[in-house]
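One structure is given here, and the rest of the page talks about it.
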Amino acid sequence: MNSSIADNIARVQAQILAACQAAGRAPDSVQLLAVSKTWGPDAVRQAHAAGLTAFGENYIQEAVDKITALRDLPLQWHCIGPIQSNKTRLVAEHFDWVHSVDRLKIAQRLSEQRPADLPPLQVCIQVNVDGGETKSGVSPQELTALAQAVAALPRMRLRGLMTIPEPAETDAQMRAVHAQAKALFEALRQQGLLLDTLSMGMSADMAAAIAEGSTLVRVGTAIFGQR
Ligand SMILES: *Cc1c(COP(=O)(O)O)cnc(C)c1O
């Protein structure tokens with residue numbers, strides 16, 4: 001067995017712990033999502049052997065093949081990539097979570113297509129906080145209306161927000177963008193939505209995201225290596 005994935009996971013977990021301590025947060029208040037896109041089932045098996053159970057995928061068909069090949073393991077699968085209308089059924093049938101909902105039409109299809117024998121789909125709305133080049137994500141102005149509509153859909157449970165900010169020049173700039181996402185998250189909670197998940201931070205900006213209130217970091221490269 002290749003020990004480097006296990007070593008990488010231990011190092012990332014130590015970094016999460018240190019960031020939590022620096023921010024005065026409980027160590028179990030931040031979940032680690034291993035982003036396994038482009039890596040095969042063997043890499044996921046190694047990460048599972050090292051204690052991880054939640055995996056994130058961007059490319060739907062690649063993910064479905066992997067999920068099918070790993071049916072023997074008790075894993076939780078998170079869709080974190082853009083979703084075209086013609087892929088909603090695959091997502092509804094195979095994933096536990098979706099972080100990348102940014103249009104009501106997609107959310108409605110996911111809810112309608114969620115099989116009755118599965119629990120509701122756990123959903124985050126992707127918000128484009130900094131107006132960055134990545135065109136994905138609802139604008140902050142349109143967020144409230146979308147969140148209220150998604151929360152009312154029968155076969156999904158709205159859990160929170162997801163962000164993919166553009167890389168910033170300085171740590172302070174990075175933290176300022178993360179703080180804006182946290183403020184949007186808290187504003188929705190003030191309006192009565194029962195949200196518990198702020199999916200924010202990747203390999204490069206994990207510590208800054210945790211300092212500003214992330215509850216889930218999505219880490220690929222720092223666990224599996226360069227894609
Ligand atoms: C690829 C990806 C990640 C992981 O990025 P790394 O820099 O490899 O940690 C996290 N979130 C999303 C949405 C991604 O597409």
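What you see below is based on every heavy atom in this structure, not just the backbone, and it leaves out hydrogens, waters and symmetry mates. Just so it is clear, the structure is predicted and the values come from calculations on it, not from any experiment. Ligands are counted one by one from 1 in listed order, and the atoms in each one are counted from 1 as well.
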**Message:** I'd like to check which ligand 1 atoms, numbered from 1 as shown, lie under 4.0 Å from a non-hydrogen atom of Val219.
**Reply:** 9 (O)
**Item:** Derivation and outcome, side chain to side chain contact (heavy atoms under 4.5 Å, CB included), residues Leu161 and Thr197
**Value:** CA-CA 7 Å; Leu161 300 181; Thr197 303; over 6 Å; no
**Asked** Starting from atom 7 (O) of ligand 1, which protein heavy atom do you reach first, and at what distance in Å?
**Response** Thr221 OG1, 3.7 Å
**Message:** Students should be able to answer this: which protein heavy-atom is nearest to atom 9 (O) of ligand 1, and at what distance?
**Reply:** Ser203 OG, 2.5 Å
**Protein heavy-atom partner closest to atom 11 (N) of ligand 1 - residue, atom, separation in Å** = Arg218 NE, 2.8 Å
**Asked** Can Arg189 and Glu186 be counted as an ion pair, charged N to O under 4.0 angstrom?
**Response** yes
**Request:** State, yes or no, whether a side-chain contact exists between Gln76 and Leu33 at a heavy-atom distance under 4.5 Å.
**Result:** no
**Asked** Against heavy atoms of Ile164, which atoms of ligand 1 measure under 4.0 Å?
**Response** 13 (C)
**Prompt:** Any sub-3.5 Å donor-acceptor pair from Glu93's side-chain atoms to Arg114's backbone N or O?
**Reply:** no
**Message:** Applying a heavy-atom cut-off of 4.0 Å, say which part of Ile80 lies close to ligand 1: side chain, backbone, both or neither.
**Reply:** both
**Request:** Output yes when Glu57 and Lys37 qualify as a salt bridge under the 4.0 Å nitrogen-oxygen rule, no when they do not.
**Result:** no
**Ser29 side chain to Arg25 backbone, donor-acceptor under 3.5 Å** = no
**Item:** Where ligand 1 meets Gly220 - atom numbers and elements under 4.0 angstrom, heavy-atom basis
**Value:** 4 (C), 6 (P), 8 (O), 9 (O)
**Message:** How far is atom 10 (C) of ligand 1 from the closest protein heavy atom, and which atom is that?
**Reply:** Met202 SD, 3.1 Å
**Near-ring test Trp77/Phe55, centroid separation under 6.0 angstrom** = yes
**Asked** For ligand 1, is Arg227 a contact, meaning one of its heavy atoms is under 4.0 Å away?
**Response** yes
**Asked** For atom 14 (C) of ligand 1, what is the nearest protein heavy atom, given as residue, atom name and distance?
**Response** Lys37 NZ, 3.0 Å
